[in-house]
Amino acid sequence: MRRFAALVQALDETTKTNAKVSALTRYFQEAPDADKLWTIALLSHRRPRRTIKTSLMREWAAELADIPLWLFEESYHIVGDLAEAIALVLPKPQQNSDQPLSFWIDLIMSWRSKDDISKKEEIISAWSQLGHRERFVFNKIITGGFRLGVSQKLMTRALARSIDGDEAVLAHRLMGNWTPDSITFHQLVLEENPQDQLSRPYPFHLAYAVETPPEELGDPSAWQAERKWDGIRGQLIKREDNIYVWSRGEELITDRFPEFQFLLSNLPNGTVVDGEILPYKDNQPMGFQDLQTRIGRKNVTKKILETTPVVLVAYDLLEKEGMDIRHHPISLRRQWLEDIVAKANSAHLLLSEIVAFSDWKTLATEREQSRTYRSEGIMLKRLDSAYQVGRKKGGWWKWKIDPLVIDAVMIYAQQGHGRRANLFTDYTFAVWRGDDLVPFAKAYSGLTDKEFQEITTFVRKNTLDRFGPVRSVKPHLVFEIAFEGIRHSKRHKSGIALRFPRMSRWRKDKHPKEANALDDLMAMLALYGD
Amino acid sequence: MALVEFRKEGFYVPAADVFIDPWRRVKTAIVTHGHSDHSRWGMSQYICSTLSEPIIRHRLGKINLTSYDYGKEWKIKGVKFTLFPAGHIVGSAQVRIEHKGEIWVISGDYKVEDDGISGTFEPVKCHTFVSECTFGLPVYTWLEQEDVFRDINQWWAANRENKVTSILTGYSLGKAQRLLAGLNPEIGPIYTHGAIETMTEIIRSLDVPLPPTKYITDDIDKKAMEGSLVLAPPSATGSSWMKRFGQVSIAAASGWMQVRGTRRRRSVDRGFVLSDHADWQGLNQAIKATGAERVYVTHGYTHVFSKWLSSQGYDAGIVETEFGEEEHPDKKTTEGS
Ligand SMILES: [Zn+2]
Ligand SMILES: [Zn+2]
């Protein structure tokens with residue numbers, strides 16, 4: 001565990017990519033296989049399932065630290081991370097164990113079949129044997145949410161270096177449905193197992209937002225434009241008479257979308273389609289909210305299949321007749337894709353339509369129409385571009401529509417967590433209804449640390465009232481709130497709910513009276529509401 | 001009439017017509033220590049500890065100032081005042097106020113661990129204690145300073161081996177000299193930023209033994225600085241002043257470095273947890289040692305800490321002040337600890 005905790009610290013202490021990769025490479029060269037396997041798992045969001053209630057961990061930590069539970073909770077709120085808060089309040093350890101990472105994970109997993117009394121005894125014994133850093137890592141494995149600033153891509157690069165292997169091959173091997181208890185390091189990283197390959201998707205190719213006016217991308221005829229959809233990016237795989245569906249988050253979601261089983265007889269074996277899963281009815285996409293409601297349900301009932309049916313809008317073809325075709329230009333892949341979609345002839349598999357344009361101005365006009373299509377903007381793909389691994393610049397760009405904006409008055413403020421503990425960063429905003437201010441959105445991002453600092457000083461001096469951690473403040477500061485969508489909501493006092501609200505600008509130039517009114521939001525709802 | 005009142009100008013002793021660490025202009029001010037949020041400009045008359053005098057004179061220029069040794073009692077209009085060491089920075093003092101049998105102590109900023117240069121915190125018996133609680137949460141428990149300095153010296157030695165210059169940041173008054181006292185000068189030469197050099201000279205004049213330092217001038221030999229240690233104020237990180245060094249590793253030394261989120265946000269290469277304020281245990285120990293029944297808290301996590309003190313049987317309250325939260329990464333003050 002000391003080696004792994006030292007790795008975590010080394011990754012934590014640098015923002016430089018090269019330093020991170022070399023720390024990881026060194027670790028992969030030195031650690032025992034079982035630890036390496038778990039490290040790969042943890043860095044690719046495959047932590048062991050939770051075997052202990054966090055509420056019990058809090059209680060036991062407070063008990064061991066000899067402080068009341070409320071004081072522990074306050075500390076946790078300010079630290080912002082449960083694993084760290086526990087590690088910090090516990091008394092100094094009595095010993096320093098040198099058991100490896102896999103030993104502690106085995107212990108954590110063994111709790112699945114144990115009662116609370118044994119769990120308590122074992123966790124307390126673990127805490128008293130682990131140094132401060134090791135304790136933090138141990139708690140983090142239990143609670144989850146490890147953010148080490150290491151993407152799957154960097155981890156794969158370091159692993160490839162440590163075994164002198166090929167990064168792309170390894171990236172493919174690490175995808176899919178493996179778990180550390182059903183595979184060894186050797187099987188996962190070093191062996192090629194054809195059986196495993198069956199369900200495996202390809203790493204997704206992601207696009208950056210355009211940085212310059214699209215005119216600077218040059219000749220329009222070198223580009224293909226499509227609409228950018230707001231659903232679940234996914235890959236649909238058919239191999240050896242099985243259908244698999246993967247999300248971009250590398251989750252196997254086949255069971256969530258039984259409608260794709262209809263494609264079993266319509267697609268040839270050895271086909272992988274990249275596309276967007278969209279709720280779709282009466283020849284048009286439904287709102288993203290509908291999809292979320294569907295995903296939120298535990299069972300996919302007949303009723304859900306009727307009220308919120310989904311389709312796959314196909315963007316790209318990655319595998320054809322069992323061959324990886326990602327290196328071919330998209331112009332060619334697109335022809336093959338059109339062919340496959342036409343032959344499938346299914347209501348569940350649609351083609352992402354090409355938006356025709358001969359000059360950038362036409363495309364800009366198309367982009368402005370996006371909201372009427374319920375689309376997020378335009379995707380641009382250079383006709384000679386290959387399908388690459390991860391987020392890459394150059395070949396693909398996303399050109400999203402500008403967000404909707406409204407000027408609002410801040411009326412409540414709350415302190416942030418973790419990185420921003422001690423600063424008031426979470427605000428509630430209101431718009432006018434006559435002389436009243438009606439709250440309609442919360443936001444906590446979009447400003448610089450310096451601005452948050454300035455606002456914190458304002459909040460401290462202008463607090464009108466306190467409700468627990470929330471302070472009501474003098475309605476004086478005006479912010480421009482940007483958001484991606486608007487819909488009706490019965491749960492909200494204002495009657496509306498926004499999608500992804502954030503502060504786009506601090507309007508120091510505006511008097512609170514100049515903020516927008518609820519009527520303005522209602523007008524937006526009528527125009528753009530889901 | 002209470003012995004001490006909390007006024008908009010600061011802590012006020014009406015019987016003596018004296019303020020302690022006021023943040024607005026008043027006639028007479030007793031100043032606990034030289035940090036800028038406690039010793040402000042514009043008072044007609046200043047009173048401080050003998051060791052604070054040169055620091056405060058340097059900071060505030062031509063002022064009317066009287067100083068007293070620790071433990072020496074003096075009277076103003078019949079009210080007795082005495083200063084006691086607070087262990088926070090050189091010259092820092094707690095103020096004991098006694099009148100008609102009632103005793104108050106105002107702590108200023110303090111730490112209970114003896115750092116070897118800032119004097120030893122002395123618990124003073126009183127009825128009412130006004131305590132800072134910058135780090136008044138149980139997550140703030142400091143490691144032994146020997147361990148922290150071992151880490152710092154190891155970090156420097158490893159950097160020197162790789163021909164990397166170590167930039168260590170800490171506030172120019174207090175933290176910088178404490179770091180200096182803990183550095184191992186055998187590893188290599190120690191250089192200082194101008195703001196730190198000036199303060200260090202003043203502290204040296206008070207017979208505090210500190211290793212030799214070289215002040216970084218514009219015409220300094222850059223080659224000779226490779227692998228050295230540079231002491232700089234936090235405000236220097238990211239400034240053009242930093243551009244003169246080649247390969248560097250930047251570290252911050254502060255109590256706030258205890259929490260991972262704060263450490264990451266500072267985007268330094270290393271964060272060393274070293275504070276000139278009392279930790280959780282230190283605060284509790286200091287408050288208990290005063291024997292006070294009533295405790296007022298200032299600075300930091302006042303709400304949580306006063307609630308905790310109430311649960312421990314104290315008559316506890318909060319005083320809102322305009323002191324800065326020194327050391328805090330979100331505050332852009334150049335002084336503090
Ligand atoms: Zn101070
Ligand atoms: Zn202070």
Side-chain angles (χ1 to χ4, degrees), chain A residues 8-16 19 61-62 65-68 70-81 83-92 131-133 136 140 147-149 415-425 449-450 452-454 456-457 460-461 463 466 468-469, chain B residues 134-144 147 151 155 162 164 247 249-252 256-273 279-281 284 299-312 318 320-322 324-325 327-333:
Chain A
V8 170
Q9 197 188 8
L11 295 176
D12 240 11
E13 274 173 356
T14 182
T15 47
K16 294 170 189 126
D66 201 18
I67 53 171
W70 69 263
L71 182 54
F72 175 78
E73 297 292 345
E74 290 280 0
S75 307
Y76 165 38
H77 179 81
I78 284 155
V79 172
D81 181 281
E84 187 184 0
I86 292 176
L88 288 173
V89 301
L90 292 175
K92 296 196 168 116
H132 169 72
R133 277 191 235 162
F136 163 65
K140 208 70 192 151
R147 259 177 232 106
L148 292 169
Q415 291 198 357
H417 279 265
R419 205 173 83 85
R420 287 187 168 144
N422 275 25
L423 287 180
F424 283 88
T425 57
D449 287 345
K450 199 169 154 254
F452 278 128
Q453 179 55 51
E454 212 177 309
T456 298
T457 309
R460 294 221 164 98
K461 288 194 176 143
T463 297
R466 295 171 196 244
Chain B
T134 308
F135 292 105
L137 281 181
V139 292
Y140 293 108
T141 302
W142 311 143
L143 287 175
E144 306 290 332
D147 293 338
D151 286 353
W155 162 77
N162 296 325
V164 170
Q247 273 241 62
S249 173
I250 304 174
W256 300 104
M257 293 296 116
Q258 177 90 331
V259 172
R260 186 169 172 247
T262 329
R263 215 160 51 226
R264 283 156 70 108
R265 138 174 219 198
R266 269 287 273 275
S267 58
V268 287
D269 301 305
R270 278 299 288 268
F272 296 109
V273 184
D279 68 358
W280 170 257
Q281 316 288 348
N284 280 288
H299 285 71
Y301 300 103
T302 47
H303 280 267
V304 179
F305 196 64
S306 70
K307 187 174 165 191
W308 158 253
L309 290 176
S310 303
S311 80
Q312 296 303 102
I318 298 165
E320 299 282 357
T321 64
E322 290 184 18
E325 281 175 29
E327 290 196 335
H328 202 279
D330 304 324
K331 306 283 160 86
K332 290 272 185 279
T333 49

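Quantities reported herein were computed from a predicted structural model and do not represent experimental measurements. Chain letters run A, B, ... following the sequence lines, proteins first and then strands; every chain starts at 1.
The NE2 atom of H303(B) lies 3.5 Å from the CZ atom of R466(A); values are rounded to the nearest 0.5 Å. One distance of note links CD of Q9(A) with CZ of R270(B); it measures 5.5 Å at 0.5 Å rounding.
Residue E320(B) touches chain A through its side chain alone, counting heavy-atom pairs closer than 4.5 Å. Using a 4.5 Å cut-off between heavy atoms, F136(A) contacts chain B through its side chain alone, with no backbone atom that close. Of the two parts of E13(A), the backbone and the side chain both hold a non-hydrogen atom closer than 4.5 Å to a non-hydrogen atom of chain B.
Side-chain atoms of S75(A) and Y140(B), non-hydrogen and from C-beta on, never get closer than 4.5 Å to each other. With a 4.5 Å cut-off on side-chain heavy atoms, I78(A) and V139(B) do not count as touching. Residues W308(B) and E74(A) fail the side-chain proximity criterion, which asks for heavy atoms closer than 4.5 Å.
Between D81(A) and R260(B) there is no salt bridge, since no side-chain N of the basic residue sits under 4.0 Å from a carboxylate O of the acidic one.
Residues V304(B) and W70(A) approach most closely at O-CH2, 3.7 Å, considering heavy atoms.
Partners of Q312(B) under the side-chain hydrogen bond (donor to acceptor under 3.5 Å, both in side chains) rule, at least two apart in sequence or in another chain, do not exist in this structure. Under the salt bridge (Lys or Arg N to Asp or Glu O under 4.0 Å) criterion, D151(B) pairs with no residue at all, not counting sequence neighbours.
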key: Worked check of side-chain contact (heavy atoms from CB on, under 4.5 Å) between L143(B) and H132(A)   = CA-CA 11 Å; L143(B) 287 175; H132(A) 169 72; over 6 Å; no
query = When you look at K16(A) and D269(B), which way does the side-chain contact (heavy atoms from CB on, under 4.5 Å) test go after all the steps?
reply = CA-CA 9 Å; K16(A) 294 170 189 126; D269(B) 301 305; 3.6 Å; yes
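A 6.0 Å sphere centred on CG of N162(B) holds more than 12 heavy atoms belonging to other residues, nucleotides or ligands.
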